[in-house]
Amino acid sequence: MRRSIVPLADRKKFLQKLKSRQKYFVGAGCKFWVFEESDLAGAFVEFIEADDPKTLAKALADASEQPAEAVRIYEEVDVD
């Protein structure tokens, strides 16, 4: 998960960067989603997921512009 706050003047450029990131992660075998907060234009959250931790770890390690917290990998916990 990665959060970003983008000034409105930079939104279009940021969306182009997201398109590139999506292409990279999908090509690396991951799923990629981006959400923007309904009441705060420019507040984005990206989610990157893979079928296994190894694929996700490699994709994150090889990606450009990854903040430190983006290299954390979470696995689903069964709470039943």
Side-chain angles (χ1 to χ4, degrees):
M1 183 175 87
R2 180 180 178 182
R3 299 156 117 194
S4 302
I5 303 291
V6 179
L8 289 179
D10 297 333
R11 188 175 183 277
K12 186 174 182 177
K13 182 179 175 182
F14 184 74
L15 289 173
Q16 289 299 318
K17 190 182 282 188
L18 286 175
K19 189 179 287 191
S20 176
R21 287 175 55 77
Q22 179 183 44
K23 183 177 180 179
Y24 164 76
F25 281 109
V26 170
C30 299
K31 298 173 187 87
F32 183 88
W33 297 273
V34 179
F35 298 88
E36 185 174 23
E37 190 170 331
S38 298
D39 294 330
L40 183 58
F44 294 94
V45 177
E46 299 170 49
F47 291 95
I48 305 159
E49 177 184 57
D51 290 336
D52 61 89
K54 184 178 177 182
T55 299
L56 182 57
K58 178 160 179 31
L60 289 170
D62 293 346
S64 61
E65 300 183 30
Q66 285 295 351
E69 70 270 10
V71 297
R72 292 183 181 146
I73 295 177
Y74 294 85
E75 295 185 46
E76 186 175 10
V77 175
D78 184 6
V79 294
D80 289 329

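In this text, all values refer to a predicted model and were calculated from it rather than measured experimentally. In this chain, residues are counted from 1 in sequence order.
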Might you confirm whether atom NZ of Lys31 has over 12 heavy atoms from other residues, nucleotides or ligands at distances under 6.0 Å? yes
Would you say Glu46 and Leu18 make side-chain contact, with heavy atoms under 4.5 Å? yes
Residue pair Ala59 / Ala28: nearest heavy atoms and the distance that separates them: CB-CB, 3.8 Å
Kindly say whether the aromatic ring centers of Phe14 and Phe44 come within a distance under 6.0 Å. yes
Distance from Lys17 atom NZ to Asp10 atom CG, nearest 0.5 Å? 9.0 Å
Return the CG to CD distance between Leu15 and Gln22, rounded to the nearest 0.5 Å. 11.0 Å
Restricting to non-hydrogen atoms, name the atom on Glu36 and the atom on Gly42 that form the minimum distance, rounded to 0.1 Å. OE2-N, 2.6 Å
Find the distance between CD (Gln16) and NZ (Lys12) and round it off to the nearest 0.5 Å. 7.5 Å
Closer than 4.0 angstrom, basic N to acidic O: yes or no for Glu37 and Arg3? no
Going from CD1 on Ile48 to CZ on Arg21, what distance comes out if it is rounded to the nearest 0.5 angstrom? 5.0 Å
Quick one: are Val34 and Phe47 in side-chain contact, heavy atoms under 4.5 Å? no
What distance do Trp33 atom CH2 and Glu49 atom CD have between them, rounded to the nearest 0.5 Å? 4.0 Å
To the closest 0.5 Å, what do you measure between SG (Cys30) and CG (Asp51)? 9.0 Å
